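This report concerns only the one structure given below.
When a ligand or atom number is given, it counts from 1 through the structure's own listing order. Computed from a predicted model, the values in this text were never measured in an experiment.
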Amino acid sequence: MDAADPLARFRDGFNFPRAKDGNACIYFCGHSLGLQPKSVRSSLDEVMREWADLAVDGHFHASRPWIHYHQLLARKIAPLIGAEPLETVVMNTLTVNLHLMMASFYRPTTQRHQILIERGAFPSDQYAVKSQIRFHGFDPEASLVELSPRPGESCLRDEDIVSVIDREGDSIALILMGGLNYVTGQVFDLASITKAGHRKGCRVGFDLAHSAGNVPLRLHDWGPDFAAWCNYKYLNGGPGCVGGCFVHQRHAHAGDLPRFAGWWGHDEARRFEMPPDFQPMAGAEGWQVSNLPILALAPLRASLEMFVEAGMERLRAKSVSLTAYAEFLLSQRPSPRFEIVTPPEPERRGAQLSIRIRHQGRKFCDKLAVAGVIGDWREPDIFRVAPVPLYNSFTDVYRFAETFFQVLPKE
Ligand SMILES: Cc1ncc(COP(=O)(O)O)c(C=O)c1O
């Protein structure tokens, strides 16, 4: 499989952490922080050099003028998430963007004040939605609706999500779900959630932290009102990298939507006339607040170039095989000591497998790390691994499985 892999050459473009024996680790943690592309250094050097040589003139006269730098990146990300460039902006970080989106799209009234979220959503999202509910004078006890799996099940059923929306939708102001649950690795059916939500008059937004650059997305066609994601996981933009935001085209000219404004969201053509009143740019860029941290964007530029070259379709095809291979190898040696909780259907998962490890705790993950396999642990019992198609190989998956069974205690 590795010999026939059209994407195999991209592996050499990344720096891998080293294990104790000096060999490259089997890095299966791209769902948390993607590896560093080697090309990041020259991308950063370019900005450093031009800052030194041009100083303020770099805004307009750098080889990639800083004033438009973020737009170069948004144009590369848009096709990865199935969006139009007008709908895509690179700015801030994920939770900040969720708040900015909620400022516009969570407008609770006494009849319609609830936010629907999945139970066990990423904590930052839970804190964000609860704080928004309180900010508007409501109580999370009454205004937060959480979706839970059926008793004895780990994942939500798509039909259960839609039936909660059908049942409770009249009082739901906003549906805000992960595109892919960070603990279980389950991919949600974003098209039907959006459809069901809009049918009931709810606003719909998604946290795509674990979806962007991982699974196919068609945001424009599916039609959610907004989405936000981070660029440091599958998109390899570096720790704390600037995030991204999608606002559907139907809101592109909704200048009257309430929002928290700043000068970078002001009509670009007149921004430097410094007028006192805010005129938002059309599209997602109208939600920008501040000018962009170019040094933090330079690594993302390097990384996105690799992504565009590899192509999302080819990446997804390899990802489906890699994940299936990992699942196949684990299922060859069943044991009561572990269970894969990620759904088995390829369309309901991405690169990630979440494995429930019984009676071991975090030390299981630590032992694998010592043996050179980097996954991560989510309390109380989930070991997560992500064979990432851009830089992992089928041999990595094989070696991971061998090490997994060496570390897993025998019956
Ligand atoms: C699903 C999800 N949402 C939100 C966040 C928070 O991201 P940030 O620190 O960029 O706001 C993360 C971070 O890993 C995440 O995985």
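Using the six-membered ring where Trp is involved, Trp377 and Phe383 have ring planes that are tilted, between 30° and 60° apart. Taking the six-membered ring for Trp and thresholds of 30 and 60 degrees, Phe400 and Phe28 have ring planes inclined between 30 and 60 degrees apart.
Distance alone, capped at 3.5 Å, places no donor-acceptor pair between the Ser319 side chain and the Pro389 backbone.
With contacts defined as side-chain heavy-atom distances shorter than 4.5 Å, the pair Ile172/Gln114 qualifies.
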Where does ligand 1 get N/O contacts under 3.5 Å from the protein, atom by atom?
residue, atom, partner, partner atom, Å
ligand 1, 3 (N), Asp125, OD1, 3.1
ligand 1, 3 (N), Asp207, OD2, 2.7
ligand 1, 7 (O), Tyr232, OH, 3.0
ligand 1, 10 (O), Leu94, N, 3.4
ligand 1, 10 (O), Tyr232, OH, 2.8
ligand 1, 11 (O), Thr95, N, 2.8
ligand 1, 11 (O), Thr95, OG1, 2.5
ligand 1, 14 (O), Lys233, NZ, 2.9
ligand 1, 16 (O), His210, NE2, 2.9
ligand 1, 16 (O), Lys233, NZ, 3.4

Assess whether salt bridge (Lys or Arg N to Asp or Glu O under 4.0 Å) is satisfied between Glu309 and Arg314, documenting all intermediate values.
CA-CA 10 Å; Glu309 211 187 316; Arg314 288 197 302 175; over 6 Å; no

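At least one test fails for Arg333 against the ring of Phe404: distance under 6.0 Å to the centre or angle within 45° of the axis.
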